Amino acid sequence: MISRIDLRGGALPEGPALRDLLPRADFDVAAALEKVRPICEAVHHRGDAALIEFAEQFDGVRLDSVRVPQEALKEALDRLDPDVRAALEESIRRARLVHREQRRTTHTTQVVPGGSVTEKWVPVQRVGLYAPGGRSVYPSSVIMNAVPAQEAGVESVALASPAQAEFGGLPHPTILAACALLGVDEVYAAGGATAVAMFAYGTESCPPVNMVTGPGNIWVAAAKRYFTGRIGIDAEAGPTEIAILADATADPVHVAADLISQAEHDPLAAAVLVTDSAELADAVEKELEPQVAATKHVEDRIRPALSGKQSAIVLVDGIEEGLRVVDAYGAEHLEIQTADAAAVADRVHNAGAIFIGPWAPVSLGDYAAGSNHVLPTGGCACHSSGLSVQSFLRGIHIVDYSRDALAEVAHHVVTLAEAEDLPAHGAAIKARFGWKVPESK
């Protein structure tokens with residue numbers, strides 16, 4: 001069901017050479033970009049009319065309006081299963097606890113007497129959030145996007161999710177209920193690239209936004225790339241992935257269950273076990289069969305994901321080598337199931353989120369750890385972070401110098417300007433002092 005890659009018995013290659021040995025799904029955003037371009041431009045030029053046409057084409061439903069009425073949000077919340085409501089409320093509570101602590105404060109540095117630099121943190125003004133609605137419905141993603149935006153102080157938050165023919169052209173009612181719980185009352189029935197284009201360009205119904213965040217398929221990723229520079233984005237999210245670094249102390253039942261939990265997302269989902277224990281590898285492989293047989297989404301998601309080129313059991317000589325492998329892989333989700341797991345986790349450099357020991361599975365982080373589950377994929381954890389309050393903030397430097405403070409450093413500024421052959425830069429200093437360079441004190 002799952003392949004093996006044996007890296008034992010020799011020195012591991014360095015850098016990109018090691019990364020190239022590891023499993024990864026094909027995810028060609030560049031190819032998808034050309035297909036989303038005409039969709040995005042149709043929304044640009046025809047606004048809501050294009051959104052309505054694309055909803056009929058892609059979602060099989062004819063809309064009267066893309067804006068979801070307020071009564072639909074209220075009705076969805078009123079009809080929500082009480083247990084689901086309680087779970088969503090607890091997820092929101094925990095997420096707020098964690099993200100509230102991420103707020104930044106204004107800080108002033110007194111560089112010299114009369115000269116200071118203040119760093120002021122300002123939220124983006126308007127954000128568009130995307131909640132997928134394809135193979136699965138993710139109210140948890142509504143929480144993971146809305147909470148950090150709200151805690152950052154974003155003034156205007158809108159959300160889009162695909163129209164569902166089953167629900168009369170509205171997004172899934174659980175998505176709507178989550179929006180109601182969070183106080184997000186500006187919701188649109190728009191999916192995929194059309195939703196990103198709506199947010200980027202604006203339409204008759206939807207004012208443009210400054211930033212778009214949220215997971216999605218390759219068409220969402222391609223649209224985000226298309227609009228990079230016009231709007232801010234969180235990331236070009238690819239297929240979800242889990243890597244587990246485990247030794248002989250790990251429970252194969254837990255490991256197999258965690259690999260399957262990510263495989264059920266998508267046939268391109270990646271499930272990777274890195275271990276120095278051949279016995280654990282054998283036990284996990286044996287455990288996969290009965291657990292897969294006992295769950296849902298087997299033939300359309302789990303088996304293709306586990307048997308795909310993006311998933312594997314990677315055998316290494318030891319935990320030292322395992323750490324090098326997981327750092328090269330840069331997993332979205334990394335579980336450490338080893339002896340002294342916290343110490344091992346502390347040595348990891350590249351991961352979207354790290355889950356320590358047997359009682360912190362990725363599923364906990366997906367819903368109720370308090371952490372954020374919108375994380376970098378495709379190895380991007382080597383240079384990027386998951387969604388947080390910081391994602392929605394901009395640091396603005398405020399420079400405040402007196403005449404004396406400028407005079408004290410003016411000769412250095414003019415010297416550097418002349419060294420870079422930018423005499424007008426130096427002249428802008430001299431103009432303030434009778435076209436002379438003040439002598440330093």
Side-chain angles (χ1 to χ4, degrees), residues 1-25 240-263 269-292 305-365 375 377-379 381-382:
M1 183 182 298
I2 189 168
S3 63
R4 291 198 185 194
I5 298 173
D6 196 338
L7 299 181
R8 296 173 297 177
L12 293 175
E14 299 291 334
L18 176 55
R19 183 171 174 173
D20 289 344
L21 294 177
L22 303 177
R24 191 76 75 183
T240 190
E241 58 201 24
I242 183 174
I244 302 174
L245 177 60
D247 62 15
T249 66
D251 186 328
V253 174
H254 296 175
V255 174
D258 294 351
L259 294 173
I260 294 168
S261 72
Q262 289 305 114
V272 178
L273 168 62
V274 180
T275 183
D276 63 347
S277 170
E279 292 76 14
L280 176 68
D282 291 341
V284 168
E285 197 162 4
K286 182 178 179 181
E287 184 63 34
L288 285 173
E289 285 292 348
Q291 288 198 34
V292 168
L306 292 176
S307 62
K309 61 181 290 186
Q310 71 273 17
S311 298
I313 296 174
V314 181
L315 293 166
V316 293
D317 286 318
I319 294 302
E320 289 294 325
E321 291 78 10
L323 281 166
R324 286 186 57 197
V325 168
V326 297
D327 268 341
Y329 186 74
E332 177 189 17
H333 309 96
L334 174 63
E335 290 185 359
I336 306 295
Q337 298 197 33
T338 65
D340 203 3
V344 173
D346 193 50
R347 299 175 60 196
V348 174
H349 295 285
N350 303 325
I354 302 173
F355 300 83
I356 297 175
W359 308 114
V362 169
S363 298
L364 173 65
L375 301 168
T377 62
C382 295

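Positions are given from 1, in the same order as the sequence printed here. Only this structure's heavy atoms are used, side chains among them; waters, hydrogens and symmetry mates stay out. None of these values were measured; they are calculated from a predicted model.
Pairing each heavy atom of Ala271 with each of Leu306, the nearest pair is CB-CD2, 3.8 Å. Looking at every heavy atom in both residues, Ala269 comes nearest to Gln310 through O-NE2, 3.0 Å. Considering every non-hydrogen atom in both Phe355 and Pro361, the closest pair reads CD2-O, 3.7 Å. The nearest pair of heavy atoms linking Asp247 to Ser277 is C-CB, 4.3 Å. Nearest heavy atom pair, residue Ala250 against residue Leu280, reads O-CD1, 3.7 Å. Considering every non-hydrogen atom in both Ser311 and Val272, the closest pair reads CA-CG2, 4.5 Å.
Distance alone, capped at 3.5 Å, places no donor-acceptor pair between the Arg347 side chain and the Glu320 backbone. Looking at Gln262, its side chain never comes within 3.5 Å of a backbone N or O of Ala270 through a donor-acceptor pair. Remark: the backbone N or O of Glu332 is paired with a side-chain donor or acceptor of Glu241 at under 3.5 angstrom.
Residues passing the salt bridge (Lys or Arg N to Asp or Glu O under 4.0 Å) test with Asp346, sequence neighbours excluded: none.
Contact annotation: the side chain of Val292 approaches that of Ile260 to within less than 4.5 Å [non-hydrogen atoms, C-beta and beyond]. Two residues are said to be in side-chain contact when any heavy atoms from C-beta on lie closer than 4.5 Å; Glu289 and Met1 meet this criterion. Using a 4.5 Å cut-off on side-chain heavy atoms (C-beta onward), Leu259 and Ile242 make contact. Residues Asp276 and Glu321 fail the side-chain proximity criterion, which asks for heavy atoms closer than 4.5 Å. Between Thr377 and Thr240, every side-chain heavy-atom pair lies at or beyond the 4.5 Å cut-off. Here the side chains of Arg4 and Glu285 are in contact, with some heavy-atom distance below 4.5 Å. No side-chain heavy atom of Leu323 sits under 4.5 Å from any side-chain heavy atom of His349. At a threshold of 4.5 Å between non-hydrogen side-chain atoms, the residues Asp258 and Gln337 count as touching.
The distance from atom CD1 of Ile354 to atom CG of Leu334, rounded to the nearest 0.5 Å, is 5.5 Å. To the nearest 0.5 Å, atom CD1 of residue Ile356 and atom CD1 of residue Ile336 are 8.0 Å apart.
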Please list, one pair per line, the donor and acceptor atoms closer than 3.5 Å that link side chains of residues 7-16 to other protein atoms, with sequence neighbours excluded.
unit_1, atom_1, unit_2, atom_2, d
Arg8, NE, Asp6, OD1, 2.9
Arg8, NE, Asp6, OD2, 3.3
Arg8, NH2, Asp6, OD2, 2.7
Glu14, OE2, Arg324, NH2, 3.3

Apply side-chain contact (heavy atoms from CB on, under 4.5 Å) to residues Val314 and Thr275 and explain how you reach the verdict. CA-CA 6 Å; Val314 181; Thr275 183; over 6 Å; no
